[in-house]
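Computed from a predicted model, the values in this text were never measured in an experiment. Computed from heavy atoms alone, side chains included, the values below leave out hydrogens, waters and symmetry copies.
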Amino acid sequence: VQLQAYGGGLVQAGDSLRLSCVASGRTTDSPFAMGWFRQAPGKGREIVSAMSWTGAIDYADSVKGRFTISRNNDRKTVYLQMNGLKPEDTAVYYCAAGRWGLLRVGNSDYWGQGTLVTVSS
């Protein structure tokens, strides 16, 4: 499975941004979850949000109420709508895909390239 992410950039605090990630390759072998992780400068990677094949959703406490994850009808594209961005959201965001149980515990089978989100104060 290959993952291509889009949508990072530089925004101001309070702005919105939407990330997209398209899965390709052997995506039809079995159902798979998709999600987003991030890694801020000097910090470890953390799960931001993940969505199972059947629509179950997890969010990190730090983004609840501000970020929304969704998948398109063929479930091969995942979006992360980020509203009310804060400087502490600044990080490289990584798209991920794989087993739901794995994403929920902060890991993944497949990773996309990162996309940088910078939020200025």
Side-chain angles (χ1 to χ4, degrees):
V1 175
Q2 291 79 49
L3 302 171
Q4 181 68 50
Y6 305 90
L10 171 63
V11 297
Q12 294 186 330
D15 285 351
S16 297
L17 203 59
R18 190 172 87 152
L19 305 181
S20 304
C21 175
V22 180
S24 61
R26 299 181 61 181
T27 59
T28 57
D29 285 0
S30 60
F32 57 98
M34 296 186 76
W36 295 93
F37 291 71
R38 68 185 180 186
Q39 186 166 17
K43 296 187 177 180
R45 182 183 63 205
E46 63 173 354
I47 180 75
V48 176
S49 182
M51 187 172 186
S52 74
W53 184 262
T54 57
I57 292 175
D58 272 356
Y59 290 106
D61 288 343
S62 59
V63 306
K64 283 180 181 176
R66 299 188 298 122
F67 291 10
T68 302
I69 192 171
S70 61
R71 294 174 76 165
N72 69 342
N73 287 340
D74 70 5
R75 301 174 188 169
K76 294 181 182 179
T77 301
V78 64
Y79 305 99
L80 186 67
Q81 178 66 42
M82 304 184 292
N83 298 330
L85 283 161
K86 304 176 181 180
E88 51 264 45
D89 295 317
T90 294
V92 177
Y93 285 70
Y94 295 91
C95 177
R99 290 163 284 173
W100 174 234
L102 198 58
L103 265 70
R104 295 191 77 191
V105 297
N107 210 333
S108 184
D109 294 295
Y110 303 100
W111 297 94
Q113 91 289 359
T115 184
L116 178 62
V117 174
T118 304
V119 185
S120 63
S121 57

Give every donor-acceptor pair under 3.5 Å between a side-chain atom in residues 12-20 and any protein atom, sequence neighbours left out.
unit_1: Asp15; atom_1: OD2; unit_2: Gln12; atom_2: N; d: 3.1
unit_1: Ser16; atom_1: OG; unit_2: Asn83; atom_2: OD1; d: 2.8

Donor-acceptor contacts under 3.5 Å from residues 33-45 side chains, at least two apart:
unit_1: Arg38; atom_1: NE; unit_2: Glu46; atom_2: OE2; d: 2.6
unit_1: Arg38; atom_1: NH1; unit_2: Asp89; atom_2: OD1; d: 3.0
unit_1: Arg38; atom_1: NH1; unit_2: Tyr93; atom_2: OH; d: 2.9
unit_1: Arg38; atom_1: NH2; unit_2: Glu46; atom_2: OE2; d: 3.2
unit_1: Arg38; atom_1: NH2; unit_2: Ser62; atom_2: OG; d: 3.3
unit_1: Gln39; atom_1: NE2; unit_2: Lys43; atom_2: O; d: 3.0

Would [X] and [Y] show up in the same hydrophobic cluster when neighbours are defined by side-chain heavy atoms closer than 4.5 Å?
X: Tyr110; Y: Met51; answer: yes
X: Trp111; Y: Ile69; answer: no
X: Leu80; Y: Tyr6; answer: no
X: Val92; Y: Leu103; answer: yes

Say you draw a straight line from CZ of Arg71 to CH2 of Trp53; how long is it, rounded to the nearest 0.5 Å?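 Those atoms lie 6.0 Å apart.
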Starting at NZ of Lys76, measure out to CG of Leu3 and round the result to the nearest 0.5 Å. 12.5 Å
I want to check something: taking the side chain as every heavy atom from C-beta on, are Arg99 and Asp109 in contact at a cut-off of under 4.5 Å? yes
Spell out, as yes or no, whether a donor-acceptor pair under 3.5 Å connects the side chain of [X] to the backbone of [Y].
X: Asp58; Y: Arg104; result: no
X: Ser108; Y: Ala97; result: yes
X: Gln113; Y: Gln4; result: no

Atom of Ala23, atom of Val1 and distance for their closest heavy-atom approach: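 Looks like CB-CG1, 4.2 Å.
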Using the rule side-chain contact (heavy atoms from CB on, under 4.5 Å), only one of Val11, Thr68, Val48, Val117 pairs with Met82; which is it? Val117
